[in-house]
Amino acid sequence: MKKSTLLFLSLCLSIILSAQSSTSNINRTLAKEAALENAHSFVNLIPQGQEKDYGFDSRADFDKIKIGEPYQTYFMVKQANEIVFTDVNEWRVPLLVDGKFVALVSVHIKEGKGEVVDFGASGLASFLQKFEAQFKGENEHVLIRNTALAKDFIAPNFSALCSQIKSAGFTTINSNASELLYPIGNTNNEPLKIKAIQSLTLAAPSK
C-alpha cells in the first residue's frame, strides 16, 4: 500500500475519532444532567428502613447527593467470527454522598435526550471508587460488558483499544494494543490484555 494512501486512511480515522469524541462529550453531559434531574425521584422510592441496601446510611443522605463522572458502556460482541465493540448509548453515573460513591444511575441517550432507565448497583459504585483511587493513570471512564464471558471490565485507555469505526455503531479492536482491561468483581483484580479477552470470547459458546 502506498504511503500516501496510508496517510489518507490515518487522517480519515483521526477525523472520525474526533467526531466520535465530540459526540461522546455531549452525551456525557446529557447523562449527568439526566442523573441530576432524576436522582431524587428514584431515591425517594426506596422503602423506609432499606436505605442501607442502596448504599445510603439514612434518608438524610438524599439531600447530600452529588453527581460523579459518568462511565460510558460498551459491549464486546461476536460479529462474523470477529470480536467488536458496540456503543449502546448507555452511561452509568455515580451518586456521591460526602465524597463516597453510593449508587449508580443508568442513563440511556436517545435522540439527544437522556432517560434514566435504572438505579442501584451500590457494589459496582464502590468498586469504581476504589479503582479510581488505586489507578494512577489515564481514565477515560469506560465500562465494557462481555455477555459471552458474563464479565464486565474497566477500560482506562479505551481509545487505544479501538482500531476502526464501522457502520451501525461497531468498532473493530486493536488486538495488538498493550493497554489492559481490569475485570470487575475478580478477587485478585489482575488486569488482562485485550488479545486474551478476545480469544476467550471467541471460544465461548454462543447463546
Side-chain angles (χ1 to χ4, degrees), residues 20-47 50-76 85-146 151-162 179-187 189 191:
Q20 186 186 51
S21 177
S22 177
T23 301
S24 178
N25 288 334
I26 292 172
N27 288 342
R28 185 179 298 274
T29 299
L30 290 173
K32 293 175 76 171
E33 290 175 349
L36 184 61
E37 292 173 2
N38 294 279
H40 284 89
S41 297
F42 276 80
V43 297
N44 285 325
L45 295 176
I46 298 174
Q50 296 185 22
E51 293 82 7
K52 291 185 182 296
D53 294 338
Y54 292 84
F56 298 92
D57 288 332
S58 69
R59 303 191 84 78
D61 283 348
F62 297 172
D63 295 327
K64 303 177 183 178
I65 288 176
K66 292 186 178 180
I67 302 300
E69 190 64 25
Y71 279 78
Q72 186 171 5
T73 303
Y74 286 82
F75 278 76
M76 182 183 284
F85 294 128
T86 180
D87 181 3
V88 295
N89 292 321
E90 184 177 290
W91 299 75
R92 309 299 292 277
V93 187
L95 298 185
L96 286 71
V97 173
D98 295 332
K100 175 187 175 183
F101 286 29
V102 295
L104 297 175
V105 173
S106 296
V107 179
H108 182 70
I109 305 297
K110 184 177 181 180
E111 298 178 353
K113 294 182 180 180
E115 178 186 3
V116 175
V117 294
D118 199 7
F119 162 77
S122 59
L124 177 55
S126 177
F127 181 92
L128 293 179
Q129 184 166 33
K130 290 177 181 177
F131 177 84
E132 291 186 10
Q134 295 172 2
F135 186 78
K136 306 300 181 183
E138 183 178 2
N139 185 7
E140 295 184 8
H141 290 83
V142 170
L143 292 176
I144 294 176
R145 308 205 70 180
N146 188 317
K151 289 185 179 294
D152 297 337
F153 303 86
I154 297 179
N157 194 0
F158 177 74
S159 58
L161 302 177
C162 299
E179 282 70 22
L180 301 173
L181 290 177
Y182 294 78
I184 295 173
N186 281 22
T187 54
N189 290 327

>> Checking the side chain of Q129 only, and the main-chain atoms of G99 only, is there a donor and an acceptor separated by less than 3.5 Å?
In response: yes

> Between the side chain of H141 and the main-chain N/O of Q72, is any donor-acceptor distance below 3.5 Å?
Replying inline: no

>> Evaluate V43 against F119 for side-chain contact (heavy atoms from CB on, under 4.5 Å), listing each step before the verdict.
In response: CA-CA 8 Å; V43 297; F119 162 77; 3.7 Å; yes

Shortest non-hydrogen contact between [X] and [Y], atoms and distance:
X	Y	result
P183	F153	CA-CD2, 3.6 Å
R59	N44	NH2-O, 3.6 Å
R92	L143	CG-CD1, 3.9 Å
V102	G55	CG1-O, 3.4 Å
F62	H40	O-NE2, 2.7 Å
D57	K52	O-NZ, 3.7 Å

> Would you say Y71 has more than 12 foreign heavy atoms packed within less than 6.0 Å of its OH?
Replying inline: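 Count over threshold, so yes.
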
Rounded to the nearest 0.5 Å, what separation is found between the [atom1] atom of [X] and the [atom2] atom of [Y]?
X	Y	atom1	atom2	result
N89	Y74	CG	OH	9.0 Å
I109	R28	CD1	CZ	11.0 Å
E140	L161	CD	CG	8.5 Å
E69	W91	CD	CH2	8.5 Å
K66	L96	NZ	CG	9.0 Å
C162	E179	SG	CD	10.5 Å

Taking C-beta and beyond as the side chain, do [X] and [Y] meet within less than 4.5 Å on heavy atoms?
X	Y	value
F127	I154	yes
S58	E51	no
D152	I144	no
I46	F56	yes

> Can you list the steps and then say if L104 with L128 is a side-chain contact (heavy atoms from CB on, under 4.5 Å)?
Replying inline: CA-CA 10 Å; L104 297 175; L128 293 179; 4.1 Å; yes

> So L45 and Y54, side-chain contact (heavy atoms from CB on, under 4.5 Å) or not? Walk me through it.
Replying inline: CA-CA 11 Å; L45 295 176; Y54 292 84; over 6 Å; no

> Hey, mind stepping through L95 and I67 against side-chain contact (heavy atoms from CB on, under 4.5 Å) and telling me if it holds?
Replying inline: CA-CA 5 Å; L95 298 185; I67 302 300; 3.5 Å; yes

